[in-house]
Number of protein chains: 6
Amino acid sequence: MPTLLVVSAHAGDFVWRAGGAIAAATQRGERAVIACLSYGERGESASQWLAGKGLDEIKAIRRGEAEAAASALGAEIEFLDLGDYPLIESPEAVAKLVDVFRRTQPDVVLTHPLLDPYNGDHPAAARMALQARVLAQAIGVANSDGSFPSKEDIIGAPPVFFFEPHQSEQCDFKPNVLLDITAAFPAKRAAMECLPAQKHMWTYYTDLAVRRGVQVKRNAAANLGLAHETMGEAYMRYYPQVTDVLR
Amino acid sequence: MPTLLVVSAHAGDFVWRAGGAIAAATQRGERAVIACLSYGERGESASQWLAGKGLDEIKAIRRGEAEAAASALGAEIEFLDLGDYPLIESPEAVAKLVDVFRRTQPDVVLTHPLLDPYNGDHPAAARMALQARVLAQAIGVANSDGSFPSKEDIIGAPPVFFFEPHQSEQCDFKPNVLLDITAAFPAKRAAMECLPAQKHMWTYYTDLAVRRGVQVKRNAAANLGLAHETMGEAYMRYYPQVTDVLR
Amino acid sequence: MPTLLVVSAHAGDFVWRAGGAIAAATQRGERAVIACLSYGERGESASQWLAGKGLDEIKAIRRGEAEAAASALGAEIEFLDLGDYPLIESPEAVAKLVDVFRRTQPDVVLTHPLLDPYNGDHPAAARMALQARVLAQAIGVANSDGSFPSKEDIIGAPPVFFFEPHQSEQCDFKPNVLLDITAAFPAKRAAMECLPAQKHMWTYYTDLAVRRGVQVKRNAAANLGLAHETMGEAYMRYYPQVTDVLR
Amino acid sequence: MPTLLVVSAHAGDFVWRAGGAIAAATQRGERAVIACLSYGERGESASQWLAGKGLDEIKAIRRGEAEAAASALGAEIEFLDLGDYPLIESPEAVAKLVDVFRRTQPDVVLTHPLLDPYNGDHPAAARMALQARVLAQAIGVANSDGSFPSKEDIIGAPPVFFFEPHQSEQCDFKPNVLLDITAAFPAKRAAMECLPAQKHMWTYYTDLAVRRGVQVKRNAAANLGLAHETMGEAYMRYYPQVTDVLR
Amino acid sequence: MPTLLVVSAHAGDFVWRAGGAIAAATQRGERAVIACLSYGERGESASQWLAGKGLDEIKAIRRGEAEAAASALGAEIEFLDLGDYPLIESPEAVAKLVDVFRRTQPDVVLTHPLLDPYNGDHPAAARMALQARVLAQAIGVANSDGSFPSKEDIIGAPPVFFFEPHQSEQCDFKPNVLLDITAAFPAKRAAMECLPAQKHMWTYYTDLAVRRGVQVKRNAAANLGLAHETMGEAYMRYYPQVTDVLR
Amino acid sequence: MPTLLVVSAHAGDFVWRAGGAIAAATQRGERAVIACLSYGERGESASQWLAGKGLDEIKAIRRGEAEAAASALGAEIEFLDLGDYPLIESPEAVAKLVDVFRRTQPDVVLTHPLLDPYNGDHPAAARMALQARVLAQAIGVANSDGSFPSKEDIIGAPPVFFFEPHQSEQCDFKPNVLLDITAAFPAKRAAMECLPAQKHMWTYYTDLAVRRGVQVKRNAAANLGLAHETMGEAYMRYYPQVTDVLR
């Protein structure tokens, strides 16, 4: 069964930016696993801090919301609880991600782009995901418990796609893949609605899906067969596409 | 029947740089059409000028070789005879290309990349191909005979791929598509051998196919099933890929 | 009286992309002049061609719509009728634009960005606008009627801003100026409604103004005083900003 | 009262590169605060090491010079004494800078650009300044003493400007703001003269101010009113400018 | 005898930007030839237009000054009189440059960089120089009189260096070669003084030579042997350097 | 005696990528020193892990091979044994490299390029090499044993060249120096043959040398005197070239 692995810095990122791709995968019967590096407890929970909640309480709330959203997308989710604002890169954190890669054996990897002047946690997550992906390929790199992987444990070279940041142009995000998420959009919307504290984002990301859907139609070789209200998500492929047919 | 359109500045370019993609298309039963803008009679026929041949004679020789190579690839070829060194851009030349686009209704377009410090004809061909592709989409743009296209005559938005220049890095050519041409390579080799004046290039471009084949294997999610001696060609996709699945 | 000059390839471009800046200028009591290089009669009037209208009729319709939209923005408009699809660059066309620059003496210039893989007319308009701006500065460059300018006729070095293309990232459009158009937006909306053939764009560009408005708020030093529903337009400044205070 | 915050890697940097902007701010009656991350005691004090001075002595000398220079500019200065060559990035150092941001509540931030192949401390300072600016915005990020900020303690989104490095082109420094510092230049010159060990730099940076002043004049919409001997400083704005008028 | 060919858009460009390289070549006993595409009669002669001089008179003055400056540098100069502001690219102009390349057989070529937002003639000159250099290599490309070149007439692949524009960073000019012109500087200064109408530039370009000289010293492997007052010029190499030793 | 210093992440890198430059230096009678940061024991020894060997055994094998290869090139080699996959950057590791720079006093430095999406150790090695080179210049930076350098111990500013990565375009590797290694190639081949576990690479890198040799010939001002079978290596110069003659 093909597996999609999503490495997300905070508890909400995978919903807004990649919910369509995730739901599309699970609707095709594939497995989707979200590795959530932090809960976004410090940097993306302002309303809860303002309401006087404490750190552990906020983490629990965010975890619950993220689990509900993952469920709405048909995906599994796991939390590495590495802390946010800042999300600190370390060999130990990368080693945990190596385990995730080997355990899930992903066919496709989604993560943040490498530049984001508004949020340093996003590129930090991406750098760790990319490093872990390379380390997980090497049979001489031990698992985080010190054991060595078997030939079956190591991974191949799954393609990596960066999902869309909040202010795309400032992040040098130039989409080279436009994904049609029309059929998956209702599930994405349902997942968004699992995040009640960011209700203003529901409309924002619905509008964005319409906008990217217009681009899906404008860049399609022929637009016959495309739904009138095509919804889209934008991605940047990091490694070259390997194919046996140009399309 | 899907159709591949190749816009080539000179009579040999399509062989060395895109022969694998062309043969792969025709082997799948698709149609491939090569629009050859010039014969490369001035800029790429040094040995024949040194042998004392005249312009018309050289054009005839180059035409014959290109026809033989196209035939070896299973492709159709047409010659616009626009002259080379320099290949001069003009509204008239673009209008002829608009006709080609509308007549062939391509699903995929291949041409040169937009930068080449060693050969100005290559980017000139690419600029004209790209302009013609956009003009051919517009129902208000007349054909070169002054007639207006019907709704069926205009084209959609076929993806464009730039094929590999001779010195890739100097042309800012960063491949984002690696094409497996293993099965098509014997046809490509046969086409190369239709160009006897450039015999030293046969080995050169065979080696390049091996090199790009190594990259096909290194960038594939899993290399099971790939031939031991995978052969490859490199491309740059100009517009975003439109897809309903991330792979 | 400060003057804003907008160089627009087609009859509709200035509305969708710069209507807010234009209305804001005229609402401040400044003068705004739109130089429309073509009517977009071939490339942006598909529905009218499909309806069987002829070239002159289409040009007249487009002209009327553009005049109404300019009026809704409080701006003057003039048409150079240079033809579109393709908009052909020529020394003569540039000379006409030199006259426009000298006659209007702009303090600020708006035009298209220099890259647009979807529409070659847009960068062609920008290249001509930029060239004309430099030529208009030189006292040794004659007017298009052969007369020479006086010292008062030549222009200074007005800043140039590129307005937003339809698919920003594909045009390497990285906004470095976010303009608050909240107060001007009703006029922009009214101008959009002067273009009935593109009714689907009304919503599209209203959504875009919301999106850019969110970015206005996120990039403001302090968001006190900003309207709840801030509307925005994005620009790229081409020359360095000259200022006596960093803000 | 508007506040300018300057994050400087070494004790001299703010003088040569941003002295004009600092003096201009204080001359307008604004507050300017310099956060000096190190004294440049190892990497920029060669003459003192050659003279046989010890580490602590050198730090004291550099501190005194920097205080005198800040005073000449009308600015406050504080020293974080993080060490130089290398200036080591750490969460603790960033946390101290978060405190500085919250305490000073800057309206504008100046720091080094992100690339400098000649001096790794400069980009390290910039990365920490940028990270601290984002963290200081978040109400869930504690102060360095573990206390939590109030709603008033957190900061907005002040614009960031990179000042000019020693070899601008090698640092990909492309100025997008040219600041007229004519009135402030005498104060900048006085500050430079507080650094006697680098006397050869006085002329160098005076010449640079002339050079940037020429560019101020060449990029101004109209050069009426500009002083004959306009002096300038060059900056790169990192985030988009937010404005309600294009100028 | 090695030959240096300089392709200059206007009559003064070669002095300010490449005078050191030219004088250094002739001081080594090499030949230097300047191909001046225009006199800069419209765009760079404002003071003479303001003084009421006519076109032919201005061209004659500029020609005389340029001849004197070339002489001060020990160089030959020829004028193609193609007109300026705008310098119009054409196959005929390029053909004349092909003749120049074949006649002079340059070992090194200097010209303007490919981007200059302040002066479109400079990149136009560079594009024509680059195109002519490639055409001059091809034995099948006729001379401008229709005759065909012999094997000895065609040229090899001389390296191309772009000299420094007036506002380097805005032209994406990132020097990758720093030339020590200390010994040649007096001749460059003498050449500058042949251009009395631009007296303010004498100091400006002397200061620039000091600035680039500082960079010569800072980038030299060891600065022993370098003059205290090293003077420099900056260049961008367009094609890769070919060498048999890394230095 | 001129000295070449090569900073290599793993035990084999210097052979494949820089063997020609190293052998050419030693054949000229110069000294070459290779600083090998790790043995590549985890990331580049898959066949030995599959054969069941242990970590220490693998390190010993790799060390022996690297010593043999260095010897075949006439070079000295030292091992810093910093570990690989990941090669972790630290102030301590950089300090050891500072010692190497001061001890060897290199005239030229070779290392990896700064981007490699396939192998994070390569850019990590380059970053540490670049940082150490700058720190080694400063008299106030202590040696790793705490002692301070004398005036003779510190280094100048040796040029840095990045050698070619495995997939050049994906690493933004645009060669600006093409080195003729024809005479040195037999020694490079002998060094390659010291690495029996990577026998398939012998042909691969021989083919690459042919390919780069073709480019040497195509970019040479005149190809007289170049061997028919010119072999080449490609490099990127990081700092500007300092010279007193343009060639």
Side-chain angles (χ1 to χ4, degrees), chain A residues 16-17 43-44 46 50 113-119 122 161-179 198-221 223 226-237, chain C residues 16-17 43-44 46 50 113-119 122 161-179 198-221 223 226-237:
Chain A
W16 313 113
R17 294 134 206 254
E44 309 203 334
L50 287 168
L114 287 164
L115 178 70
D116 191 334
Y118 298 93
N119 193 317
H122 295 162
F161 297 86
F162 299 140
F163 43 68
E164 179 162 356
H166 200 67
Q167 298 191 50
S168 66
E169 298 101 338
Q170 305 304 324
C171 302
D172 291 350
F173 183 79
K174 183 170 182 171
N176 54 23
V177 180
L178 294 167
L179 182 71
Q198 290 145 294
K199 197 166 181 176
H200 60 291
M201 303 271 271
W202 303 356
T203 303
Y204 186 89
Y205 276 95
T206 300
D207 286 350
L208 180 60
V210 171
R211 181 174 181 75
R212 294 304 185 188
V214 170
Q215 295 177 358
V216 165
K217 283 186 284 187
R218 301 225 354 174
N219 288 279
N223 54 20
L226 285 182
H228 180 59
E229 277 284 306
T230 301
M231 306 297 269
E233 273 177 352
Y235 290 89
M236 273 184 84
R237 187 190 285 278
Chain C
W16 314 112
R17 294 133 205 256
E44 308 201 337
L50 286 169
L114 287 164
L115 177 70
D116 191 337
Y118 298 93
N119 193 317
H122 295 163
F161 297 87
F162 299 140
F163 44 66
E164 178 162 356
H166 200 67
Q167 298 190 51
S168 65
E169 298 101 339
Q170 305 303 323
C171 301
D172 291 350
F173 183 79
K174 183 171 181 170
N176 54 23
V177 181
L178 294 168
L179 182 70
Q198 289 146 296
K199 197 167 181 176
H200 61 290
M201 303 271 269
W202 302 356
T203 303
Y204 186 88
Y205 276 94
T206 300
D207 286 349
L208 180 60
V210 171
R211 181 176 182 74
R212 293 305 185 189
V214 170
Q215 295 177 359
V216 165
K217 283 185 284 186
R218 298 215 10 164
N219 288 279
N223 53 23
L226 285 182
H228 180 61
E229 278 283 305
T230 302
M231 306 296 270
E233 273 176 351
Y235 290 88
M236 274 184 83
R237 189 190 283 277

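To find a chain, count down the sequence lines: A is the first, B the second, and so on, and within it residues start at 1.
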Colleague: Can you sort out the partners of N176(C) under side-chain contact (heavy atoms from CB on, under 4.5 Å), two or more places apart, ordered by chain and number?
Modeller: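 Testing N176(C) for side-chain contact (heavy atoms from CB on, under 4.5 Å), a comparison that skips the adjacent residues, returns M236(C), R237(C).
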Colleague: For V214(C), which atoms come within 4.5 Å of any heavy atom of chain A: side chain, backbone, both, or neither?
Modeller: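 Interface part for V214(C): side chain.
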Colleague: Taking the side chain as every heavy atom from C-beta outward, state whether Q167(A) and N219(C) have any pair of such atoms under 4.5 Å apart.
Modeller: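 Result yes, sub-4.5 Å side-chain heavy-atom pair found.
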Colleague: Under a 4.5 Å cut-off applied to non-hydrogen side-chain atoms, are R218(C) and H166(A) in contact?
Modeller: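 A side-chain contact exists here, since the closest heavy-atom pair is under 4.5 Å.
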Colleague: Which residues pass the side-chain hydrogen bond (donor to acceptor under 3.5 Å, both in side chains) test with T203(A), not counting sequence neighbours?
Modeller: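 T203(A): no side-chain hydrogen bond (donor to acceptor under 3.5 Å, both in side chains) contacts found.
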Colleague: With a 4.0 Å cut-off on N to O distance, would you call E169(A) and R211(C) a salt bridge?
Modeller: no
